[in-house]
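Structure first, then comments.
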Amino acid sequence: MVDTSAGILLYRVGADGLDVLIAHPGGPFWARKDDGAWSIVKGLFTDGEDAWTAARREFREETGADVPAGPRVELGSVTQRGGKIVTAFGVEADLDVSNAVSNTFEIEWPPKSGLMKSFPEVDRIEWFPLQQAREKLLPSQLPFLDAVEAVVDAN
């Protein structure tokens with residue numbers, strides 16, 4: 001069975017151009033990874049669940065905030081290297097992320113130690129100019145940046 005995720009890419013247009021909001025995954029595997037490791041704010045959803053509803057839920061869980069009101073656009077779907085299918089929605093809105101708080105997950109850490117440790121699902125969430133976001137984002141999710149750029153250019 002293929003995992004499916006739904007997510008939201010917030011974007012804003014200012015005097016300096018297009019900025020997008022992306023998240024750095026938490027946990028020890030991602031701790032020392034930066035370029036090519038960031039993601040849109042997303043999470044798993046199940047068969048029969050509405051992708052938009054799941055994307056809003058996951059946004060709240062990973063940022064501690066509701067999705068701000070703003071125009072919404074479907075950005076399509078991509079398949080990540082591990083086979084997970086990610087569906088994304090773009091929302092034009094601003095959000096203060098200085099107080100963002102993510103939910104947590106538990107894993108055995110260090111491996112084979114028998115000790116369970118809790119980590120945030122997202123350890124950082126930041127606004128980046130589009131070109132910098134292209135360096136930070138997982139390569140498989142770059143089409144979402146292309147899609148949001150096309151939406152902004154069309155308007």
Side-chain angles (χ1 to χ4, degrees), residues 2-45 51-52 54-105 107 109 111 117-155:
V2 174
D3 283 339
T4 55
S5 286
I8 294 175
L9 181 62
L10 285 189
Y11 65 96
R12 64 186 182 191
V13 181
D16 294 329
L18 177 60
D19 293 331
V20 294
L21 185 71
I22 56 176
H24 186 271
F29 178 76
W30 298 101
R32 293 196 166 112
K33 295 175 174 58
D34 189 53
D35 287 352
W38 292 64
S39 174
I40 66 168
V41 179
K42 64 170 182 49
L44 294 174
F45 72 102
W52 173 242
R56 289 191 328 242
R57 179 193 67 238
E58 293 297 327
F59 190 90
R60 176 101 176 106
E61 288 179 3
E62 294 187 359
T63 67
D66 290 325
V67 177
R72 176 182 88 186
V73 61
E74 293 185 18
L75 301 177
S77 297
V78 298
T79 301
Q80 295 188 160
R81 189 172 62 179
K84 180 188 293 182
I85 298 171
V86 179
T87 299
F89 300 90
V91 176
E92 184 177 7
D94 198 1
L95 179 69
D96 178 2
V97 294
S98 60
N99 295 318
V101 178
S102 176
N103 59 342
T104 59
F105 67 97
I107 60 169
W109 193 258
K117 190 163 182 185
S118 182
F119 296 96
E121 279 195 42
V122 168
D123 62 16
R124 287 174 280 163
I125 184 166
E126 295 181 33
W127 286 100
F128 287 102
L130 186 64
Q131 289 310 314
Q132 189 176 7
R134 289 188 188 285
E135 297 168 12
K136 300 288 184 190
L137 202 63
L138 289 165
S140 60
Q141 294 182 13
L142 291 174
F144 297 144
L145 298 183
D146 296 337
V148 82
E149 183 178 34
V151 166
V152 169
D153 287 348
N155 293 330

Run the side-chain contact (heavy atoms from CB on, under 4.5 Å) test against [X] and tell me which residues pass, sequence neighbours left out.
{"X": "Pro129", "answer": "Asp19, Gln132"}
{"X": "Ala93", "answer": "Leu10, Pro68, Val91"}
{"X": "Arg56", "answer": "Ile8, Trp52, Thr53, Val67"}
{"X": "Ala54", "answer": "Ala6, Phe45, Glu49, Arg57"}

Exercise for the section: Test Leu9 against Leu145 for side-chain contact (heavy atoms from CB on, under 4.5 Å), laying out the working first. Expected result: CA-CA 9 Å; Leu9 181 62; Leu145 298 183; 3.9 Å; yes
Exercise for the section: Tell me, please, which residues at least two apart from Asp3 pass salt bridge (Lys or Arg N to Asp or Glu O under 4.0 Å). Expected result: none
Exercise for the section: Please name all residues satisfying salt bridge (Lys or Arg N to Asp or Glu O under 4.0 Å) with Glu121, sequence neighbours left out, ordered by chain then number. Expected result: none
Exercise for the section: Using side chain to side chain donor-acceptor pair (under 3.5 Å) as the criterion, list what pairs up with Gln80, not counting sequence neighbours. Expected result: Gln141
Completion exercise
Looking only at heavy atoms, the pair that brings Val41 and Ile125 closest together is CG2-CD1, 3.7 Å
Handout entry: Contact list for residues 131-155, test ring-ring contact (aromatic ring centres under 6.0 Å, His included), sequence neighbours left out
Key = none
Exercise for the section: Could you list all the ring-ring contact (aromatic ring centres under 6.0 Å, His included) pairs where at least one residue sits in residues 58-86, not counting sequence neighbours? Expected result: none
Fill in the blank from the handout: residues 73-100 vs salt bridge (charged side-chain N to carboxylate O under 4.0 Å, His left out), sequence neighbours excluded, gives Arg12-Asp94
Practice task
Would you list the pairs meeting salt bridge (charged side-chain N to carboxylate O under 4.0 Å, His left out) in which at least one residue belongs to residues 136-155, sequence neighbours left out?
Solution key: Asp34-Lys136, Asp35-Lys136, Arg134-Asp146, Arg134-Glu149
Completion exercise
Taken in chain and number order and not counting sequence neighbours, the residues that satisfy ring-ring contact (aromatic ring centres under 6.0 Å, His included) with Phe128 are Trp38
